[in-house]
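Note sheet for the following structure.
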Amino acid sequence: MIEQSKPREERVLDAGALRALAHPLRVRLYDILSQYGPQTASSLAELTGESTGATSYHLRALARHALIREVAGRGTARERWWERPAGSVSLTNPEFEHTPSGRAVMEAVHSETLTLRHQQLMHFATHGWDENEEWRDASVISTATARLTAEQSRDLVRRIGALIDETVQRYRDQEGEGVRPVTIRNDVFPLPTERGSA
């Protein structure tokens, strides 16, 4: 029996937030803060190979739209710490799907986000063998195909989402020996109806 979880609360980004995020470096900064936790402009500069001035500028742009925030009680006047607020964020806003400019902004954000995800996946595919056996056995790259109706696909998405939400909620702030960020991918989408048109 599948336990019902409460519906996922998701922030739908408005036009300003989507436009603020529609920049390759901002997507990278947002991703690093999402995956690795609080950082400073200096640490983000080291991780991205950018200047501290550039990371500071883009962090402030993200903060103006509440995509990130300053960590309360941490840092100094010279060195501010930034974090991404917890919670799910939708990179799609239904209000913008029907205008060319709105779709262009969403496509830019999606494209950059998926490019980063693909780079991480390919890095693991190439270098995952370098991980110790414990982590190799705790990882998977897998694809399956099922023949589903839209309702069955919706149910699958809901059940996978509930499991992911439960796991994230349970371990969100876990620290300690052996703990490291783990990306969880949830890709469920229909293939083209015509064979060979993918």
Side-chain angles (χ1 to χ4, degrees), residues 8-72 74-76 78-93 96-97 101-128 130-131 135 139-141 161 164-165 167-168 171-175 179-187 189:
R8 174 192 304 209
E9 291 184 25
E10 189 170 61
R11 176 184 174 191
V12 177
L13 299 185
D14 62 21
L18 279 167
R19 285 190 185 93
L21 200 52
H23 183 285
L25 181 55
R26 292 179 191 168
V27 171
R28 286 184 69 199
L29 298 175
Y30 188 72
D31 232 29
I32 292 168
L33 293 172
S34 296
Q35 295 175 336
Y36 294 96
Q39 303 283 330
T40 65
S42 298
S43 65
L44 288 165
E46 286 181 34
L47 291 168
T48 60
E50 299 288 338
S51 71
T52 302
T55 55
S56 291
Y57 171 80
H58 290 295
L59 286 167
R60 288 192 303 273
L62 292 171
R64 274 195 296 275
H65 295 278
L67 290 161
I68 64 169
R69 64 185 175 206
E70 196 170 346
V71 179
R74 189 170 181 186
T76 65
R78 290 179 51 102
E79 189 76 289
R80 301 161 88 185
W81 284 80
W82 298 93
E83 67 182 353
R84 179 197 178 280
S88 181
V89 173
S90 173
L91 301 179
T92 303
N93 185 320
F96 307 131
E97 290 177 4
S101 61
R103 286 186 69 130
V105 169
M106 287 190 300
E107 287 171 11
V109 174
H110 282 140
S111 176
E112 193 58 37
T113 300
L114 292 174
T115 296
L116 288 174
R117 297 289 181 272
H118 183 69
Q119 288 170 350
Q120 291 173 334
L121 177 62
M122 293 310 296
H123 183 271
F124 179 76
T126 305
H127 301 287
D130 301 333
E131 293 286 351
W135 275 106
S139 305
V140 66
I141 298 174
I164 292 171
D165 288 349
T167 303
V168 169
Y171 301 113
R172 178 185 308 280
D173 299 318
Q174 179 174 235
E175 293 181 3
V179 175
R180 57 193 277 196
V182 173
T183 187
I184 305 167
R185 295 172 192 257
N186 178 9
D187 300 329
F189 56 88

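Worth knowing before you read on, the calculation uses all heavy atoms, side chains too, and leaves out hydrogens, waters and symmetry mates.
Thr55 places a side-chain N or O within donor-acceptor distance of the main-chain N or O of Ala41, the cut-off being under 3.5 Å. Using a distance-only test at 3.5 Å, with no hydrogens or angles considered, a donor-acceptor pair links the side chain of Arg185 to the main chain of Arg117. Between the side chain of Arg64 and the backbone N or O of Leu67, no donor-acceptor pair lies under 3.5 Å.
More than 12 heavy-atom neighbours from other residues, nucleotides or ligands sit within 6.0 angstrom of CZ on Arg172. Under a cut-off of 6.0 angstrom, the local environment of CZ in Arg11 is crowded, with over 12 non-hydrogen atoms contributed by other residues, nucleotides or ligands.
Listed by chain and residue number, His127 satisfy the ring pair (Phe, Tyr, Trp, His ring centres under 6.0 Å) test with His123 (two or more places apart in sequence, or in another chain). The side chain to side chain contact (heavy atoms under 4.5 Å, CB included) check on Glu46 picks up nothing, with sequence neighbours excluded. Applying the side chain to side chain contact (heavy atoms under 4.5 Å, CB included) test to Ala104 and every residue at least two apart in sequence or in another chain returns nothing. With sequence neighbours excluded, no residue satisfies side-chain hydrogen bond (donor to acceptor under 3.5 Å, both in side chains) with Thr183. With sequence neighbours left out, the side-chain hydrogen bond (donor to acceptor under 3.5 Å, both in side chains) criterion links Arg26 to His58. The side-chain hydrogen bond (donor to acceptor under 3.5 Å, both in side chains) search around Thr92 returns His110, not counting sequence neighbours.
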Discussion item. What verdict does the side chain to side chain contact (heavy atoms under 4.5 Å, CB included) test give for Tyr30 and Val89, after you've listed the backbone C-alpha separation in whole Å, the side-chain angles of each residue and the deciding distance to 0.1 Å?
Written reply: CA-CA 12 Å; Tyr30 188 72; Val89 173; 3.4 Å; yes

Practice prompt. Kindly indicate, with the supporting measurements, whether the criterion side chain to side chain contact (heavy atoms under 4.5 Å, CB included) is fulfilled by Gln35 and Gln120.
Written response: CA-CA 12 Å; Gln35 295 175 336; Gln120 291 173 334; 2.8 Å; yes

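Shown are Asn93, Val105, Leu91; of these, the side-chain contact (heavy atoms from CB on, under 4.5 Å) with Leu13 is made only by Leu91.
Summarising the geometry, atom CZ belonging to Arg74 is positioned 14.5 Å from atom CZ belonging to Arg80; distances are rounded to the nearest 0.5 Å.
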